[in-house]
Amino acid sequence: MDANRGDLETIRHRLEHEDNLLNQRLSWILTSQSFLLTGYAILLNAPAALRSETYARDHHLLMALIPLSGVVTVFLIWAAIIAALLAMRDLRARARAHPGFESSHIQGRPMTRWLGIAAPTLIPAVFLVSWLVIMLH
């Protein structure tokens, strides 16, 4: 195998690795936000009559902390998602720099790639807006 082909194989493996990381990070955000929103909904529907003074104080604190935790979690995971997308962009640029490399059959058309990254880039925004609406309501 020539050196050029070996470099391209390395790039392909790195792209697969970054794609797997991207999927994991998307799973993190969906799982964490589902957990936090469920906890918030349970607290929201908890009957006030059944709370002692201590639990009422904790309830009030959690009602503030859960949305804040949601916002912080969104920002942290969104940053990790963006890092994966930037790494993939850089790897594709390295692949394009190889002489005679034609990538459309591997990477797809630009529109396909843009549609493919729509969910990982926009889902965090949906959760962020949801938490901000809850916090500012």
Let me know which of Leu30, Leu36, Thr31 forms a side-chain contact (heavy atoms from CB on, under 4.5 Å) with Gln33. Leu36
Between Asn45 (side chain) and Ala41 (backbone), is there a donor-acceptor pair under 3.5 Å? yes
Show, in sequence, the C-alpha distance, side-chain angles and deciding distance for Met88 and Arg14, and conclude whether the side-chain contact (heavy atoms from CB on, under 4.5 Å) test is met. CA-CA 8 Å; Met88 292 170 77; Arg14 293 261 330 269; over 6 Å; no
Trp131/Ile66 under side-chain contact (heavy atoms from CB on, under 4.5 Å): CA gap, chis, key distance, verdict: CA-CA 9 Å; Trp131 285 120; Ile66 289 176; 3.8 Å; yes
Linked, directly or transitively: Leu21 and Ile77 (ILVMFWY side chains, under 4.5 Å): no
Interatomic spacing from CZ in Arg89 to CG in Leu91 - rounded to 0.5 Å: 10.5 Å
Say whether, by atom type as modelled, one donor and one acceptor occur between the side chain of Ser27 and the main chain of Asn23 under 3.5 angstrom. no
So, taking the atom named OG1 in Thr10 and the one named CG in Leu15, what distance separates them when rounded to the nearest 0.5 Å? 11.0 Å
Determine whether more than 12 heavy atoms belonging to other residues, nucleotides or ligands lie under 6.0 Å from atom NE2 of His60. no
Same hydrophobic cluster for Leu115 and Val126, using side-chain heavy-atom links shorter than 4.5 Å among ILVMFWY? no
Reference residue Ser32; test side-chain contact (heavy atoms from CB on, under 4.5 Å); the match among Thr73, Leu37, Val74: Thr73
Looking only at heavy atoms, the pair that brings Met135 and Pro67 closest together is CG-CB, 3.4 Å
Would a distance-only check, ignoring hydrogens and angles, find a side-chain to backbone donor-acceptor pair under 3.5 Å from Arg25 to Ala80? yes
Qualifying residues under salt bridge (charged side-chain N to carboxylate O under 4.0 Å, His left out), relative to Glu16, sequence neighbours excluded: Arg12
In one Ile/Leu/Val/Met/Phe/Trp/Tyr side-chain cluster, 4.5 Å: Leu86, Phe75: yes
d(Ser52 OG, Arg57 CZ) to nearest 0.5 Å is 8.5 Å
Please enumerate all residues that pass side-chain contact (heavy atoms from CB on, under 4.5 Å) together with Phe35, with sequence neighbours excluded. none
Between CZ on residue Arg94 and CG on residue Leu8, distance to nearest 0.5 Å: 9.5 Å
Indicate the atoms forming the closest heavy-atom contact of Pro124 with Ala119, along with that distance. CD-O, 4.1 Å
From CG (Leu62) to CG (Leu44), nearest 0.5 Å: 12.5 Å
Reported CD1-to-CG distance for the pair Ile117 and Leu22, which is rounded to 0.5 angstrom: 9.0 Å
Are Val129 and Ile134 joined in one hydrophobic group, where the rule is that I, L, V, M, F, W and Y side chains link up if heavy atoms are under 4.5 Å apart? no
Trp78 side chain vs Ala125 backbone, donor-acceptor pair below 3.5 Å: no
